[in-house]
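Notes follow once the structure below has been shown.
Side-chain atoms are counted along with the backbone in the values below, which use heavy atoms only and exclude waters and symmetry mates. In what follows, every chain begins at residue 1, and chains take the letters A, B, ... in the order their sequences are listed.
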Amino acid sequence: MSDERSLNFLEEIIEQDIAEGNNNGRVHTRFPPEPNGYLHIGHATSICLNFGLAKRYNGKCNLRFDDTNPVTEETEYVESIKNDIKWLGFQWDNEFYASDYFQKLYDFAVELIKKGLAYVDDLSAEEIAATKGSTVAPGSDSPFRNRSIEENLQLFEAMRDGKYRDGEKTLRAKIDMAHPNLLMRDPLMYRIKHEHHHRTGDKWCIYPMYDYAHGQSDSIEEITHSICTLEFIHHRPLYNWFIEQLGIFPSHQYEFARRNLTYTVMSKRKLLQLVNEQHVAGWDDPRMPTVSGMRRRGYPAEAIRQFSDTIGIAKRENIVDISMLEFCVREHLNKTTNRVMAVLDPVKLIITNYPEGQEDIFEAENNPEDPNGGTRPVPFSRELWIEREDFLENPPKKFFRLAPGNIVRLKSAYIVKCEGCNKDAHGNISEVLCTYLPESKSGNDTSGLSVKGTIHWVSVPHARTAEVRMYDRLFRVEDPSNEEGNFKDYINPDSINILPSVYIEPELAKAKPGDKVQFMRKGYFCADTESTAGKLIFNRTVTLKDAWAKEVRKS
RNA sequence: AGUUUGAUAGUGUAACGGUAGCACCCCAGACUCUGACUCUGUUAGUCUAGGUUCGAAUCCUAGUCAAACUACCA
């Protein structure tokens, strides 16, 4: 509450509530996922919002699974959701399930029937849709709308006791079939589903609808601020109606605009398609905007929290530039990861005046951003792997790397002067030739030379290998859902590029799954979950900014 | 069509009747044993038209545009 940042609209509402003494100054939010899929970046920002608000105002935040549809929900999802929330750095105050309240909800429904505010309807789904009316025309009353309270009570009990087949009857709220808000035209409260529920088993064959279950669940938990996305705004009158008719704790619903991201899709349905049709390797594919995908890719939880904070919260439609997220990822990784050397596209460099069989061991700084980061040994020899793109026979202006006659610093080692190159039978460069300056030894440089370029390298005889998966954005257009045709037509064919065997410095061979490093001058990488001591695999989390690439693109 | 919500640099978000600011991106430069990081600077905005006011992004009126709603999903 003391920071300088201005308040977002939800914080303003909460601070006003506190100032007016509403709810005795208590703040209680909740995160209500349906356990029917994996969490994505949109959920992550919602988690940051709900848990963040609770923390900011010394309140509480419940985790409540909205498990009112047994057909799609599974325990597997419950576990993955809990795992993701914890990984993001949050701990819920209570773990609840809407299914905890099935009996209570049933009792509430009986109460509404007794008040003449709910009735059992025999109409089919099609008939209900047909009598619903439209945005410009009122609906019409069901012929069963005026059954007696006694009959409704009896029928509802029979529904619960399994006397009817799926879809044969429903319980509806008795509101107004001519209401301008379609959701208020006698909405369904209960439907019959003879389905096994992941928590209540076969105890129930009637299940409450979202609109009936959600608000009452909030109320039972005495949630003060029930925060959801904009599409629920039309549901608010109904949310309030149930609470008012029942005379229970008045939770209030507030809506914000979901945050969209460029170059990806966010709907569960679309993500499911990507997985099922194998456009990606699974829910945790590092290209997926899922929490598990981002984790596997190497995005730090701190970066996701910072991102959520940075983009703010409002009620207008938006599409946030992915570069904002990538900035947060780089910013955090820059401070925390060790620098290592890996050569992705190798060409051999031979130091002609360095004796064969000799080697140096350099102590290389792990992280210039961290004074306590320490050093690691890096072996050096006569033959090194360097990046093919770091040598050009005919360089353009302002090329500070290797070219005949140029000098460069080999990172943490010596300054070398390029003397030329050898080519194979096809005219391809096979070897770059250099001489080194012994007096330019890193940390002990008496050469007096200043070099414009520094390149990374890996000693040939000491090199180890690893598979590297170069990931890029999943789609080639900013907003695939808004393009003509199917969103899948816009998948980026180069979203993954596997380099089966790149050269890495020996220290890196110790990397364990989940370890994050910076491949110097190449980007941030994370050891994949499938990585083993026998077969190392690194995922590219995000590239470094590359001013030279930009320069080249311009000309 | 109706209802609801919204509209501020390319993107996201502030300014709550009194100097339109911040971050990302872009561009230019400095620094650099990462063409990274860091630092400096620059470009660029109130949907339109009226009105109220000494003064309007903010209040009022009308319009324009966008999104959501018409599931026995949540």
Side-chain angles (χ1 to χ4, degrees), chain A residues 5-8 12 32-34 36 66-69 71-73 98 121 123-126 128-129 132-137 139 166-172 179-183 185 188-193 206-207 209-211 213-214 228-237 255 257 259 262 268 307 310-328 330-331 334-335 339 341 364-365 368-369 398-401 408-413 415 440 442-443 445 450-456 478 518-523 543-551:
Chain A
R5 179 171 72 86
S6 55
L7 268 30
N8 65 47
E12 281 180 2
E34 184 188 11
N36 71 343
D66 232 332
D67 55 350
T68 56
N69 185 358
V71 180
T72 56
E73 295 152 5
D121 198 348
L123 255 31
S124 69
E126 297 71 33
I128 289 177
K132 191 105 187 180
S134 72
T135 50
V136 286
D166 285 9
E168 203 175 334
K169 285 185 165 39
T170 58
L171 184 73
R172 289 230 257 169
H179 201 285
N181 182 339
L182 287 295
L183 288 162
R185 321 246 259 227
L188 258 58
M189 293 168 60
Y190 274 92
R191 75 289 216 195
I192 299 170
K193 279 180 191 286
I206 57 171
Y207 291 94
M209 301 289 292
Y210 166 86
D211 280 309
H214 197 90
C228 61
T229 46
L230 237 37
E231 71 262 29
F232 290 101
I233 201 161
H234 304 91
H235 297 243
R236 193 168 64 209
E255 309 85 11
R259 272 87 46 109
T262 55
K268 268 185 194 172
F307 170 71
T310 304
I311 59 177
I313 184 76
K315 296 185 82 158
R316 84 181 80 123
E317 298 290 323
N318 60 74
I319 178 158
V320 182
D321 199 322
I322 186 85
S323 61
M324 199 94 81
L325 212 205
E326 292 177 341
F327 171 83
C328 295
R330 286 194 190 101
E331 185 168 64
N334 175 49
K335 289 184 214 134
R339 275 57 171 170
M341 295 197 282
E365 184 181 30
E369 305 287 327
K398 292 196 281 186
F399 183 77
F400 304 141
R401 308 176 187 182
V408 303
R409 159 77 62 185
L410 294 173
K411 177 70 189 175
S412 302
I415 293 174
S440 67
S442 185
D445 186 350
S450 81
V451 291
K452 289 288 273 181
T454 299
I455 65 171
H456 61 278
E478 281 199 356
Q518 183 195 102
F519 286 3
M520 195 154 291
R521 302 209 300 142
K522 285 288 147 191
T543 59
L544 255 27
K545 280 214 213 165
D546 191 343
W548 175 245
K550 210 175 282 177
E551 187 72 30

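Closest to the side chain of A:Ser323, from the set B:rC24, B:rU4, B:rA23, is B:rC24. For A:Asp546, the side-chain atoms get nearest to B:rG35 when compared with the rest of B:rU5, B:rC73, B:rG35. In the set B:rA1, B:rA71, B:rA14, the nucleotide with an atom closest to the side chain of A:Ala314 is B:rA14. Listed nucleotides: B:rG12, B:rA71, B:rC69. Nearest to the side chain of A:Leu182: B:rC69. The side chain of A:Lys398 lies closest to B:rG35, out of B:rG35, B:rC73, B:rC37. Nearest nucleotide to the side chain of A:Thr135, out of B:rC69, B:rC37, B:rA23: B:rC69. For A:Arg316, taking side-chain heavy atoms from C-beta onward, the closest of the listed nucleotides B:rA74, B:rG35, B:rA14 is B:rA14. Candidate nucleotides B:rU11, B:rA36, B:rC72 were compared by shortest atom distance to the side chain of A:Arg191, and B:rC72 ranks first. Checked against B:rU34, B:rA23, B:rG2, the side chain of A:Met520 finds its nearest nucleotide in B:rU34. Taking only side-chain atoms of A:Lys411, from C-beta outward, the nucleotide of B:rG6, B:rU34, B:rC69 with the closest atom is B:rU34.
Comparing B:rA56 with B:rA20, their P atoms are spaced 11 Å from each other, to the whole Å. Rounded to the nearest Å, the gap between the P atom of B:rA14 and that of B:rC47 is 15 Å. Nucleotides B:rC22 and B:rU5, compared at atom C1', are 26 Å apart to the nearest Å. Going from the C1' atom of B:rC25 to that of B:rA9 covers 11 Å, rounded to whole Å. B:rG21 sits 12 Å from B:rG45 when the C1' atoms are compared, rounded to a whole Å. Remark: the separation of the C1' atoms in B:rG51 and B:rG10 is 33 Å, to the nearest Å. Rounded to whole Å, the separation between the P atoms of B:rU11 and B:rA67 comes to 15 Å. For the C1' atoms, the distance from B:rU42 to B:rC26 is 11 Å, rounded to whole Å.
Put simply, the side chain of A:Thr262 never gets that close to the backbone of A:Glu478: no donor and acceptor are under 3.5 Å apart.
When heavy atoms are screened at a 4.0 angstrom cut-off, A:Lys522 is found touching no nucleic acid atom at all. When heavy atoms are screened at a 4.0 angstrom cut-off, A:Phe519 is found touching no nucleic acid atom at all. Looking at heavy-atom distances under 4.0 Å, A:Ile319 makes contact with sugar-phosphate atoms alone, never a base. Counting non-hydrogen atoms under 4.0 angstrom, A:Gly443 reaches a base of the nucleic acid. Among the atoms of the strands shown, none is found under 4.0 Å from any heavy atom of A:Leu183. Residue A:Tyr190 is classed as having no contact, given no heavy-atom separation below 4.0 Å to the nucleic acid. Residue contacts shown for A:Asn69 are limited to sugar-phosphate atoms, with no base heavy atom under 4.0 Å away. Here A:Pro368 lies in heavy-atom contact (under 4.0 Å) with a base. No contact: A:Arg330 has no heavy atom under 4.0 Å from any strand. Residue-level contact check: A:Thr454 touches the backbone only, with heavy atoms under 4.0 Å from sugar-phosphate atoms and none from bases. Contacts of A:Lys550 with the nucleic acid, taken as non-hydrogen atoms under 4.0 Å apart, involve only primed sugar atoms and P, OP1 or OP2. In this structure, A:Ala125 reaches the bases: a heavy-atom distance under 4.0 Å links it to at least one base atom across the strands shown. Within the 4.0 angstrom heavy-atom criterion, base atoms lie near A:His235. Within the nucleic acid shown, A:Leu171 has no heavy atom closer than 4.0 Å to any nucleic acid atom.
Residue-to-nucleotide proximity on RNA chain B shows that, of A:His214 and A:Ile233, the 5′-proximal contact is made by A:Ile233. When each of A:Asn8 and A:Leu188 is assigned the nucleotide of RNA chain B with its nearest heavy atom, A:Asn8 is the one assigned upstream, toward the 5' end.
Between A:Glu168 atom CD and A:Ser124 atom OG the span is 11.5 Å, to the nearest 0.5 Å.
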>> Apply salt bridge (Lys or Arg N to Asp or Glu O under 4.0 Å) to residues A:Lys398 and A:Glu551 and explain how you reach the verdict.
In response: CA-CA 10 Å; A:Lys398 292 196 281 186; A:Glu551 187 72 30; 3.5 Å; yes

>> What verdict does the salt bridge (Lys or Arg N to Asp or Glu O under 4.0 Å) test give for A:Arg409 and A:Asp445, after you've listed the backbone C-alpha separation in whole Å, the side-chain angles of each residue and the deciding distance to 0.1 Å?
In response: CA-CA 11 Å; A:Arg409 159 77 62 185; A:Asp445 186 350; 2.8 Å; yes

>> Run the side chain to side chain contact (heavy atoms under 4.5 Å, CB included) test on A:Val408 and A:Val451 for me, step by step, so that the C-alpha distance in whole Å, both residues' side-chain angles and the decisive distance to 0.1 Å come before the verdict.
In response: CA-CA 6 Å; A:Val408 303; A:Val451 291; 5.7 Å; no

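When side chains are defined from C-beta on, A:Tyr210 counts as touching A:Asp66, because their heavy atoms get closer than 4.5 Å. At least one side-chain heavy atom of A:His456 sits less than 4.5 Å from a side-chain heavy atom of A:Lys522.
Both thresholds, 5.5 Å between centres and 30° between ring planes, are met by A:Phe400 relative to the base of B:rG35, so the two rings are stacked. Both stacking criteria are satisfied for A:Trp548 over the base of B:rG35: a centre-to-centre distance under 5.5 angstrom and an angle between ring planes under 30 degrees.
Between the side chain of A:Gln518 and the base of B:rU34 there is at least one donor-acceptor pair of N/O atoms closer than 3.5 Å. Judged by distance alone with a 3.5 Å cut-off, no donor-acceptor contact links the side chain of A:Thr170 to the base of B:rC72. Applying the 3.5 Å distance criterion, the base of B:rU13 shares no donor-acceptor pair with the side chain of A:Arg259.
In this structure A:Arg172 satisfies the salt bridge (charged side-chain N to carboxylate O under 4.0 Å, His left out) test together with A:Asp121, sequence neighbours excluded.
Rounding to whole angstrom units, CD of residue A:Glu317 and P of B:rA68 are separated by 7 Å.
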> Which dot-bracket string fits RNA chain B when only Watson-Crick or G-U wobble pairs with both atom distances under 3.5 Å count, crossing pairs get [ ], and | stands for a partner on a different strand?
Replying inline: .((((((..((((....[..))))..((((.......)))).....(((((..]....))))))))))).....

